[in-house]
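Below: the structure, in structure tokens.
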Amino acid sequence: MSLKDKVLNLLQAALDENESLFLIDFTIQGGNKIQIIIDGDNGVTVEDCIAVSRAVEHNLDREEEDFSLDVMSAGITEGLVHLRQYKKNVGRTLEVLTEEGKVVGALKEATNDQISLEWKAREPKPIGKGKVTVTKSASIAYTDIVKAKVVITF
């Protein structure tokens, strides 16, 4: 069994123990540098990262293969890649890039197929001079999303 298969099996067992956690990315680079990025429905604590790290590290034999291991949570500046990330961010403002352009709006809903965004826009009045604020919305299929990330506001 390859190192990658061993790590994936151990990782899956660790994630099965805490079902609120899920895998975002897993790589093994040169020199057996293992990098695991996780996220959780309720966020990720340092203790969550330690538990996953121990589940993997304590079940690999360093005599068999030397390795380094990094387990981290998905950063807020990273793009959303997993359906569960969209669902946990309902209510937050997202910046979504599609082939047609960029949309920034509040995430109102995340289904299994698409997301729904809502935002305010200033448009010319239908009659007369000036502008009026209108509420716009869009449903975007996950397959149409090139990149999506949470907008950080202070």
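Between Lys33 and Asp70, the closest side-chain pair of non-hydrogen atoms falls below 4.5 Å. At least one side-chain heavy atom of Leu23 sits under 4.5 Å from a side-chain heavy atom of Leu11. Here the side chains of Ile115 and Ile145 are in contact, with some heavy-atom distance below 4.5 Å.
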> What do the steps show when you test Phe26 against Ile34 for side-chain contact (heavy atoms from CB on, under 4.5 Å), and what is the final call?
Replying inline: CA-CA 8 Å; Phe26 163 69; Ile34 303 166; 3.9 Å; yes
>> Under the criterion side-chain hydrogen bond (donor to acceptor under 3.5 Å, both in side chains), I'd like the reasoning laid out for Lys4 against Asn9: C-alpha separation, chi angles, the key distance, then a yes or no.
In response: CA-CA 9 Å; Lys4 184 174 185 174; Asn9 288 341; over 6 Å; no
> Yes or no on side-chain contact (heavy atoms from CB on, under 4.5 Å) for Ile140 and Thr98, after CA distance, side-chain angles and deciding distance?
Replying inline: CA-CA 9 Å; Ile140 304 169; Thr98 66; 3.9 Å; yes
> Going through the distances and angles, do Phe22 and Val44 end up as a side-chain contact (heavy atoms from CB on, under 4.5 Å)?
Replying inline: CA-CA 10 Å; Phe22 50 94; Val44 178; over 6 Å; no
> Does the pair Val52 and Leu21 meet the rule for a side-chain contact (heavy atoms from CB on, under 4.5 Å), with working shown?
Replying inline: CA-CA 10 Å; Val52 170; Leu21 298 178; 4.2 Å; yes
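Considering OG of Ser139 and CD of Glu109, their distance stands at 7.5 Å, rounded to 0.5 Å. Expressed to the nearest 0.5 Å, how far CG of Leu69 lies from CD of Gln35 amounts to 10.0 Å. Distance check, rounded to the nearest 0.5 Å: CG of Asn18 to CD of Glu47 gives 11.5 Å. Atom SG of Cys49 and atom CD1 of Ile36 lie 10.0 Å apart (nearest 0.5 Å). Note that the NZ atom of Lys88 and the CG atom of Asn42 stand 8.0 Å from one another [nearest 0.5 Å]. Atom CG of Leu107 sits about 4.5 Å away from atom CG of Leu94, to the nearest 0.5 Å.
Residues Val96 and Val81 do not share a hydrophobic cluster, clusters being chains of Ile/Leu/Val/Met/Phe/Trp/Tyr side chains in contact below 4.5 Å. Residues Val150 and Met72 do not share a hydrophobic cluster, clusters being chains of Ile/Leu/Val/Met/Phe/Trp/Tyr side chains in contact below 4.5 Å.
Around the CD atom of Glu99, the shell of radius 6.0 Å holds no more than 12 heavy atoms that belong to other residues, nucleotides or ligands.
A salt bridge links Asp41 with Arg84: at least one charged nitrogen is closer than 4.0 Å to a carboxylate oxygen.
Partner Asn32 forms a side chain to side chain contact (heavy atoms under 4.5 Å, CB included) with one of Asp66, Val7, Leu3 and no other, that one being Leu3.
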Under 3.5 Å, side-chain donor or acceptor atoms of residues 119-126 against the rest of the protein: list the pairs with distances, not counting sequence neighbours.
from	atom 1	to	atom 2	distance (Å)
Lys120	NZ	Thr135	OG1	3.0
Arg122	NH1	Thr133	OG1	2.8
Glu123	OE2	Lys136	NZ	2.7

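Applying the salt bridge (charged side-chain N to carboxylate O under 4.0 Å, His left out) test to pairs two or more places apart or on separate chains, none has a residue in residues 138-154.
With sequence neighbours excluded, no residue forms a side chain to side chain contact (heavy atoms under 4.5 Å, CB included) with Ile127.
Between the side chains of Asp39 and Gln85, at least one donor N or O lies within less than 3.5 Å of an accepting N or O.
Not one N or O on the side chain of Arg92 forms a donor-acceptor pair closer than 3.5 Å with the backbone of Ala106. Distance alone, capped at 3.5 Å, is enough to place a donor-acceptor pair between the Tyr142 side chain and the Thr111 backbone.
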